[in-house]
Structure formats: C-alpha cells, structure tokens
Amino acid sequence: MTAPVRFPRFFVTSPAPCPYLPGRSERKVFTELKGPNADELNDALGRIGFRRSQTVAYRPSCVECTACVSVRVVAEEFRASSTQKRIWKRNRDLVVNVCRPWSTPEQFELLQRYLAVRHPGGGMATMDEMDFADMVEHTPVKSYVIEYREPTVDGSVGKLVGACLADEQGDGLSMIYSFYDPQHETRSGLGTFIILDHIGRATRVGLPYVYLGYWVEGSERMQYKVRFRPMEKLGRDGWERFEPAEQASAIGRAVAPRQGDPGAGGLEGSLKDGVHGAQERYVHS
C-alpha cells in the first residue's frame, strides 16, 4: 500500500525591502522541498509560479504589488529574433557539458567576476565558496549545472565562460541561476546564448517550456526575459500567451544593451532565486 503524500505546510516571510523596485517591500510564501516526493511537489508548485532556492520553494506574496510575473518560453514554437540568431552564430562553437550539481572553484571564480562587473554591491557580492556550494549542491530535486567552455585545438578542457544551475521539471527546464564572463574579449551576448541553449535542449527532449523566473516590469535587470517569443505569463486565470503586440511593446520598453556588450539585451542572468542569504529568511515563525 502506497503511503499518502502529505500536503505541504506553507509559511510567509516578514516584509523586506524589494530588491527590484525602489520604495516597495516584498513578502514571500514558501514551503520546504524534502522527502521522496520532492520532485513531484516542485513540479506542481512550478506550474503555479513557485521557484526553488536550495531546499525551499517560494513565490511572491506582496500585499500591494503584483509586479513580479512568472514567465516561461514556449520552447517548441520559439523563433529567434535576428539579434538572437547573431548571438547564437557567434557562440555556437562553445563546448557544452551537463554536470552534476557539484560546485567547483572554477565556477566560483567565474561567478565572482560576473558579480563584480554586473552586480557590484548586490546581495550576492559577499558570497564565499561555501555559500556558492550551498546554492548549487543543496537540491532535493533533479538538477544539474550546464557549463559552457571555449573550444580547444587539442581537445583539452577549455576555459569556462558560462554556467547555469537548472532544474529539470516534468514540463520544462527551470533556469535557477546563470552567470558568465562579463568582459570576454571576443564574445558578447553570453547570457542570451545560455537561454537559447536551454530552449534548444528542452525542445530536443520533448519538454514544452523553459521557465525564466519572474519578469518585473520597471526593473532594468529583469527586462531581458521578455525578449524570447512566444512567451507565456502566469495570471489569475492561469498561464496565458503574451499577445504579440503586447510583447512587442514590452520589448520596446526594455533597456538598451549595456555598453561594451552589444546584443546582450540588458542585464542577463540575474534570476532572483539564487540571492545569497535568502535561505535565512525562510524561518518557520
């Protein structure tokens, strides 16, 4: 006889300053992911807008704000823009490896360089190697790190230029946190390339979606997400397709690419799930 699956207990964090919209506060509802049914629970919660941070699944539960909108790319129907095609062509020679969720000093060094350029003084800037290991390795679900390396003539292991921690859910790939070389001499748009690779990867294994986390209109570092079409957003009545005109308008409002990174489309890879210290907020009180 199969033991019944216990309904998870949910908790709410205390209000804290919003990291994306100045002058606002954020609050989250969360539950623990543990036990033999963690994958199934993560799948179910992912379909209603929850995200994973180590052993916790959470979603915004702000009293006076609904700016955080869950978005996912419809992988099979995805059509790259001309800019995205150029980025793919520029970086398609990278060697891509799927690795178990185990942190390495090389990954941590790349993350530090990424944060120093793209998010100096941000919440993750104080991470040490142990914090990074916790972010990558403390997972109760099917996860992996995808590494992107420079090709070499002799077939040896090339330089690491990008990485992404991702979960494989029942209906798609959930990109938890991606980072890359922000000052590469010859490559640009690496953040976009990593998303494009995940879209192709999902399509090849028959997964319909790539989850990008929360799109926050008005937050510069979240605007890159809306550039992938077609896209669905989660509303009160469930998932619905961005209307082409609506998405085109949102893309038009998105910030211009950063100087020195043409085609990057704003600040890429800054998914909110991996914020250092976030785990400490999920206390049952």
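Along the sequence shown, residues carry numbers from 1.
- For the pair F228 and I199, the minimum side-chain heavy-atom distance is below 4.5 Å.
- In summary, E64 and R24 do not engage in a salt bridge, as defined by a charged side-chain N under 4.0 Å from a carboxylate O.
- Two residues are said to be in side-chain contact when any heavy atoms from C-beta on lie closer than 4.5 Å; H119 and M124 fail this criterion.
- Note: L110 CG to L115 CG = 9.5 Å, rounded to the nearest 0.5 Å.
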Intermediate values then yes/no, side chain to side chain contact (heavy atoms under 4.5 Å, CB included), D167 and I176: CA-CA 7 Å; D167 291 348; I176 301 302; 3.7 Å; yes
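- Taking the six-membered ring where tryptophan is involved, the planes of W215 and F242 are perpendicular, since the angle between them exceeds 60° and thus also 30°.
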Steps toward side chain to side chain contact (heavy atoms under 4.5 Å, CB included) verdict (S70, F50): CA-CA 8 Å; S70 296; F50 278 75; over 6 Å; no
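- Looking only at distances, a side-chain donor or acceptor of T13 sits under 3.5 Å from a matching main-chain atom of K28.
- Contact between T203 and A75 at its shortest, heavy atoms only, is OG1-O, 3.4 Å.
- Around the NZ atom of K142, the shell of radius 6.0 Å holds no more than 12 heavy atoms that belong to other residues, nucleotides or ligands.
- Side chain of S25 to backbone of C18: no donor-acceptor contact under 3.5 angstrom is found.
- The two residues L212 and M175 come nearest to each other via the heavy atoms CD2-SD, 3.8 Å.
- Residue L33 holds its CG atom at 7.0 Å from OG1 of T55, rounded to the nearest 0.5 Å.
- R100 has its side chain out of reach of Y144: every pair of non-hydrogen atoms, C-beta onward, lies at least 4.5 Å apart.
- For the residue pair H198 and L173, the shortest heavy atom distance occurs at O-CD1, 3.6 Å.
- Hydrophobic clustering places F179 together with V98 (ILVMFWY residues linked when any side-chain heavy atoms are closer than 4.5 Å, directly or through intermediates).
- Under the 4.5 Å side-chain criterion, counting only non-hydrogen atoms from C-beta, R187 is in contact with E150.
- Within the 4.5 Å cutoff, the side chain of E76 has no heavy atoms near those of the P208 side chain.
- The closest side-chain donor-acceptor pair between D197 and Y148 falls under 3.5 angstrom.
- For the residue pair S103 and E137, a side-chain donor N or O sits within less than 3.5 Å of a side-chain acceptor on the partner.
- Of the possible polar contacts, one joining the Y214 side chain to the G49 backbone as a donor-acceptor pair under 3.5 Å is found.
- Under a hydrophobic-cluster definition in which Ile, Leu, Val, Met, Phe, Trp and Tyr are linked whenever side-chain heavy atoms come within less than 4.5 Å, directly or via other members, V63 and F30 are assigned to different clusters.
- Contact annotation: the side chain of L94 approaches that of V161 to within less than 4.5 Å [non-hydrogen atoms, C-beta and beyond].
- Inspection of the E147 and Q107 side chains reveals an N or O donor paired with an N or O acceptor under 3.5 Å.
- Taking CZ from R92 and CD1 from I87, the interatomic distance works out to 14.0 Å, rounded to the nearest 0.5 Å.
- In this structure, CD1 in I146 is found 10.0 Å from CG in N97, a value given to the nearest 0.5 Å.
- Looking at every heavy atom in both residues, P8 comes nearest to L41 through CG-CD1, 3.9 Å.
- Classified by interplanar angle (parallel below 30°, tilted 30° to 60°, perpendicular above 60°), the ring pair Y177/Y114 is perpendicular.
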Full working for side chain to side chain contact (heavy atoms under 4.5 Å, CB included) between L45 and T31: CA-CA 10 Å; L45 293 175; T31 189; 3.6 Å; yes
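- Electrostatic pairing of E77 and R241 counts as a salt bridge here, judged by a charged N lying under 4.0 Å from a carboxylate O.
- Between R47 and Y211 there is a side-chain heavy-atom pair separated by less than 4.5 Å.
- Closest non-hydrogen pair, I194 versus G162, comes out as CD1-CA, 4.3 Å.
- The same ILVMFWY cluster, assembled from side-chain heavy atoms under 4.5 Å apart, contains both V96 and L207.
- Rounding to the nearest 0.5 angstrom, the gap separating the CD atom in Q247 from the CD atom in E232 is 10.5 Å.
- Between the OG atom of S188 and the CG atom of N91 there is a distance of 7.0 Å, given to the nearest 0.5 Å.
- No continuous path of hydrophobic side-chain contacts links W102 to L160 [ILVMFWY only; heavy atoms under 4.5 Å].
- In the displayed structure, D237 atom CG is contacted under 6.0 Å by at most 12 heavy atoms of other residues, nucleotides or ligands.
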Chi angles and distances behind the salt bridge (Lys or Arg N to Asp or Glu O under 4.0 Å) call for R113, D181: CA-CA 7 Å; R113 287 192 284 116; D181 187 341; 3.5 Å; yes
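- Between the side chain of Q84 and the main chain of R227, a donor-acceptor pair closer than 3.5 Å is present.
- With N37 contributing its side chain and E40 its backbone, the two residues share no donor-acceptor pair below 3.5 Å.
- Judged purely by distance below 3.5 Å, without hydrogens or angles, the side chains of S14 and R27 never pair a donor atom with an acceptor atom.
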From CA spacing to verdict: side chain to side chain contact (heavy atoms under 4.5 Å, CB included), S143, R52: CA-CA 11 Å; S143 305; R52 185 181 68 82; 3.5 Å; yes
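- Ionic pairing of E106 and R149 is present here: one or more N-O contacts between side-chain nitrogen and carboxylate oxygen are shorter than 4.0 angstrom.
- Linking Ile, Leu, Val, Met, Phe, Trp and Tyr whenever their side-chain heavy atoms come within less than 4.5 Å puts F193 and F78 in one cluster.
- Side-chain atoms of T152 come within 3.5 Å of backbone atoms of G155 as a donor-acceptor pair (strictly under, hydrogens ignored).
- Contact annotation: the side chain of R229 never approaches that of R79 to less than 4.5 Å [non-hydrogen atoms, C-beta and beyond].
- Side-chain atoms of S174 and R51 include a donor-acceptor pair closer than 3.5 Å.
- When every heavy atom of A38 is checked against every heavy atom of V141, the shortest pair comes out as O-CG1, 3.8 Å.
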